[in-house]
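Notes follow the structure.
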Amino acid sequence: MLNNLFRAPGHRRVRCTGALFLVALCVACEKGPRAGKGGTDDNTLILAKDTVKLDPGVKLVQVLVHSSTTDIEFSPGTVRARTGDILKCVGADAGNHAVGFVMDSLPQGGKAWLEQTQQGRGPPLLAAGSAWVVSLKGAPVGNYPFRCLTHGGGGILVIAG
């Protein structure tokens with residue numbers, strides 16, 4: 001049912017309630033992704049055909065994934081979020097990136113949480129604007145290293161309570 005919700009035709013506003021957030025594979029329809037912004041404000045998540053208004057207090061944290069002359073870069077390289085926030089990794093170029101967490105370097109309980117929520121790695125980001133969305137609801141506090149599984153390079157997600 002939720003998969004159909006994110007694939008439904010037309011633009012519509014969907015209110016997110018406490019337990020309703022999930023990982024959504026989509027192609028973002030933003031014009032030129034910008035670090036820190038996922039839409040009109042930090043409380044709106046724009047997906048391919050839907051806009052999700054996040055609950056009060058839930059912050060959207062965005063990371064851009066792009067190729068540089070020597071490596072893959074994440075902008076910003078270190079991201080700070082709280083348990084319950086939303087992480088959105090956006091391909092900033094057509095570099096065919098696949099982003100995932102470094103499973104053997106997670107905080108206690110982090111690996112089990114990622115496996116349970118099936119958010120350990122994202123789908124390939126094949127085009128500029130494609131995105132991987134991760135709900136941090138229930139995430140244990142700690143440092144979550146992530147990297148481009150295709151090209152190397154990496155960053156870190158710091159989750160506070």
Side-chain angles (χ1 to χ4, degrees), residues 1-16 20-55 58-81 84-103 105-106 110 113-115 117-137 139 144-159:
M1 176 178 143
L2 292 176
N3 284 339
N4 291 336
L5 176 68
F6 286 104
R7 291 187 188 134
H11 293 278
R12 62 186 155 129
R13 185 165 297 278
V14 178
R15 296 258 176 222
C16 178
L20 173 72
F21 218 95
L22 59 115
V23 177
L25 166 61
C26 66
V27 177
C29 53
E30 299 175 51
K31 293 181 182 175
R34 297 167 291 156
K37 295 289 182 185
T40 57
D41 58 45
D42 284 339
N43 242 22
T44 303
L45 175 61
I46 297 175
L47 303 172
K49 296 183 179 185
D50 291 300
T51 301
V52 178
K53 186 70 174 172
L54 304 177
D55 285 338
V58 174
K59 181 178 155 191
L60 177 63
V61 179
Q62 183 166 288
V63 176
L64 299 179
V65 184
H66 54 92
S67 302
S68 72
T69 55
T70 59
D71 207 350
I72 297 303
E73 293 183 6
F74 293 89
S75 299
T78 299
V79 182
R80 298 190 184 285
D85 286 345
I86 305 297
L87 172 68
K88 181 179 179 185
C89 293
V90 179
D93 59 22
N96 300 323
H97 308 293
V99 180
F101 290 101
V102 181
M103 299 301 265
S105 299
L106 299 173
W113 171 76
L114 284 170
E115 288 173 347
T117 60
Q118 299 179 0
Q119 300 184 111
R121 71 171 281 177
L125 304 178
L126 300 175
S130 57
W132 174 41
V133 178
V134 178
S135 170
L136 302 178
K137 184 177 178 117
Y144 289 73
F146 57 88
R147 61 186 298 261
C148 178
L149 304 172
T150 310
H151 303 100
I156 190 162
L157 167 65
V158 179
I159 301 177

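Computed from a prediction, not measured in an experiment: that's the story for all the values here.
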How close do [X] and [Y] get, counting heavy atoms only, and between which atoms?
| X | Y | value |
| --- | --- | --- |
| Val58 | Gly84 | CG1-O, 3.4 Å |
| Tyr144 | Leu106 | CD2-CD2, 3.5 Å |
| Arg147 | Val102 | CD-CG2, 3.8 Å |
| Leu125 | Trp132 | CD2-N, 3.9 Å |
| Pro145 | Ser105 | CD-O, 3.5 Å |
| Ala92 | His66 | CB-CB, 3.8 Å |

Pairwise side-chain contact, Leu60 with Lys88, heavy-atom cut-off 4.5 Å (strictly under) = yes
Test Phe74 against Cys148 for side chain to side chain contact (heavy atoms under 4.5 Å, CB included), laying out the working first.
-> CA-CA 9 Å; Phe74 293 89; Cys148 178; 4.1 Å; yes
Residue list, side chain to side chain contact (heavy atoms under 4.5 Å, CB included) with Ala98, at least two apart or on another chain = Arg121, Leu149, Thr150
Just by modelled atom types, is the Val65 backbone N or O under 3.5 Å from a matching donor or acceptor in the Glu73 side chain?
-> no
Would you find a donor on one side and an acceptor on the other, under 3.5 Å apart, between the side chain of Trp113 and the backbone of Lys137?
->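 Yes; judged by distance alone, with no hydrogens or angles, the pair exists.
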To the nearest 0.5 Å, tell me how far Leu87 CG sits from Gln62 CD.
->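 Between atom CG of Leu87 and atom CD of Gln62 there are 9.5 Å.
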Full working for side chain to side chain contact (heavy atoms under 4.5 Å, CB included) between Leu136 and Ile86 | CA-CA 6 Å; Leu136 302 178; Ile86 305 297; over 6 Å; no
Which residues pass the side chain to side chain donor-acceptor pair (under 3.5 Å) test with Asp93, sequence neighbours left out?
-> Ser67, His97
Report the C-alpha distance between Thr117 and Val134 in whole Å, list the side-chain angles of each, state the deciding distance to 0.1 Å, and finish with yes or no for side chain to side chain contact (heavy atoms under 4.5 Å, CB included).
-> CA-CA 9 Å; Thr117 60; Val134 178; over 6 Å; no
Evaluate side chain to side chain contact (heavy atoms under 4.5 Å, CB included) for Val90 paired with Val63, printing each intermediate quantity in order.
-> CA-CA 6 Å; Val90 179; Val63 176; over 6 Å; no
